[in-house]
Amino acid sequence: MRGTVWAAANQLGVVAGTPAELRSALLSGAAPRRARLVLPGADPAAVAELAAVLGEFGQSPVRIDTAPDAGEAGAVDPADAASVCAGDPQRVTAAYESGDDDHEGLRTAWLRAGQALVREQEPGARALLLLAALPPGAHPGTRAALARLAQAEPWTVDAVREDVAPVVAATVHAGRLLVADRGGTVHGLDAARPVTVATGSRIRAVAAMPDTTLLLLDERGRLRAHGPGSALTEAVASTLAAHPGTALAAAAGAVAVGDRAGSVHLFGPAGLHQEASHRGRVTALAAAGREEPPLVVSGGADGVVRRWRPGRRRGPRTVAERPHPVVAVHTADTPGGPAVAMAWADGLVRLHRPGRGRAPLSFRPGPAVRALALTPDGALAVGTDETLVVLRPR
């Protein structure tokens, strides 16, 4: 069933691992209410159950193109990285679902990243996804084998952390990666200066000011500050108490806030800047720069990512646009200009680096993406409900 749901979710442009999660996506409007799904090689019983769930919401019937035993070769050996990466993903999924042997970490990694793994791709691409989902305690031989298979891929995996998951928000401040978990704890991930701050709030976004004040946007859209605070942060908190925000970022002593109507508001020492950047809710914000006003990057429910430098005559520029809501953005200054990372509700992460002719780099972790952060040394942190993965472009 899991492999069938993953394949259906990929075609519907959502992230889901169970029929119930797919039903939730339909009810929320994240997936189209009518679509024709083609699921070659899927288990007939699983397809029948899934078709019944989708039929409750007006979906067209699911069609199987090929017999269940058609397609690529199965998994010759579920403990062998090469055969798993080259095998038929639906059969690999079924093999791992029916057993409980972890096969040196491969089973955990496959069931974690499965929705990305069942897509058509080369074995090397699957090896990279498995590396990014491999539990820290996996056998070193498994890790080495996957690294060899993935050596032609555009990313390397620096770290996979389970101790700070689920990650709901992330940013970088003073060279330190900050991530917030669902329970409201903010973790400063610096080996030399680890910090943990229990805020007691369910967090939607996290940002930091130069004076070390930690800014939190809670689930009700209100601003909470931990630290010295200032007249500026008090003014922003007062504004959001009356008009709740939907996204938050900070840089150069300024605070950016998004709202339900698609506007971005930048509160700073030089005053207030506002821009109507999106159709519908602003879902993600990031800011970068040492001089006020900073560069602001926004993502919306309209699927658009835009960059905006307040105070300039030219309005926001479109960085990317896809037919799925944006769930996270981050930006960082580099010697060549700003880099921008973004993620959408269908699980795709994309990194735009400055420089002519440099194609964006893409990645799909498998689980839904909750947060992104670009670190000062050029790595990309991707937060999900299960892990924090740190990737580095080759």
Side-chain angles (χ1 to χ4, degrees), residues 1-11 15-23 39-53 62 64 66-150 157 160-163 165-166 347 364-368 384-387 389:
M1 168 56 74
R2 200 173 328 200
T4 301
V5 171
W6 284 336
N10 281 336
Q11 293 187 41
V15 176
T18 66
E21 291 174 353
L22 205 55
R23 180 188 296 115
L39 305 175
D43 177 71
V47 170
E49 182 178 343
L50 185 60
V53 172
V62 175
I64 302 177
T66 61
D69 60 351
E72 306 171 58
V76 180
D77 180 357
D80 178 70
S83 63
V84 165
C85 291
D88 170 58
Q90 291 290 350
R91 295 187 183 184
V92 175
T93 302
Y96 285 144
E97 278 193 297
S98 62
D100 55 8
D101 188 324
D102 199 41
H103 297 292
E104 314 292 4
L106 280 172
R107 179 179 184 271
T108 293
W110 186 280
L111 296 181
R112 178 177 281 167
Q115 184 168 334
L117 290 162
V118 299
R119 292 175 173 271
E120 278 193 33
Q121 57 201 306
E122 295 299 316
R126 288 201 179 107
L128 174 67
L129 296 178
L130 287 169
L131 265 179
L134 206 60
H139 193 280
T142 299
R143 194 177 306 278
L146 290 171
R148 286 193 298 272
L149 290 167
V157 179
V160 180
R161 298 189 56 162
E162 300 173 339
D163 57 322
R364 289 180 183 270
T384 73
D385 288 342
E386 300 186 39
T387 61
V389 180

Between [X] (side chain only) and [Y] (backbone N and O only), is there a donor and an acceptor less than 3.5 Å apart?
X      : Y      : value
Ser83  : Asp77  : yes
Tyr96  : His103 : no
Asn10  : Gln115 : yes
Arg364 : Arg119 : no

Side chain to side chain contact (heavy atoms under 4.5 Å, CB included) partners for [X], two or more places apart:
X      : value
Ala94  : none
Ala20  : Thr18, Arg23
Ala127 : Cys85, Leu146, Leu149, Ala150
Pro136 : Glu162

TODO: Evaluate whether atom CD of Glu122 has more than 12 neighbouring non-hydrogen atoms of other residues, nucleotides or ligands under 6.0 angstrom away.
DONE: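 No, not enclosed.
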Open item on the list: Can you pull out every salt bridge (Lys or Arg N to Asp or Glu O under 4.0 Å) where at least one residue sits in residues 97-106? Sequence neighbours excluded, please.
Closed with: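 Listed once each, the pairs are Arg2-Glu97.
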Distance in Å, [X] [atom1] paired with [Y] [atom2], rounded so as to fall on 0.5 Å steps:
X      : Y      : atom1 : atom2 : result
Thr4   : Leu39  : OG1   : CG    : 6.5 Å
Leu129 : Leu134 : CG    : CG    : 12.0 Å
Leu22  : Trp6   : CG    : CH2   : 13.5 Å

Task: Results of salt bridge (charged side-chain N to carboxylate O under 4.0 Å, His left out) for Arg161 - residues two or more places apart only - done: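 For Arg161, the residues satisfying salt bridge (charged side-chain N to carboxylate O under 4.0 Å, His left out) (neighbours in sequence not counted) are Asp163.
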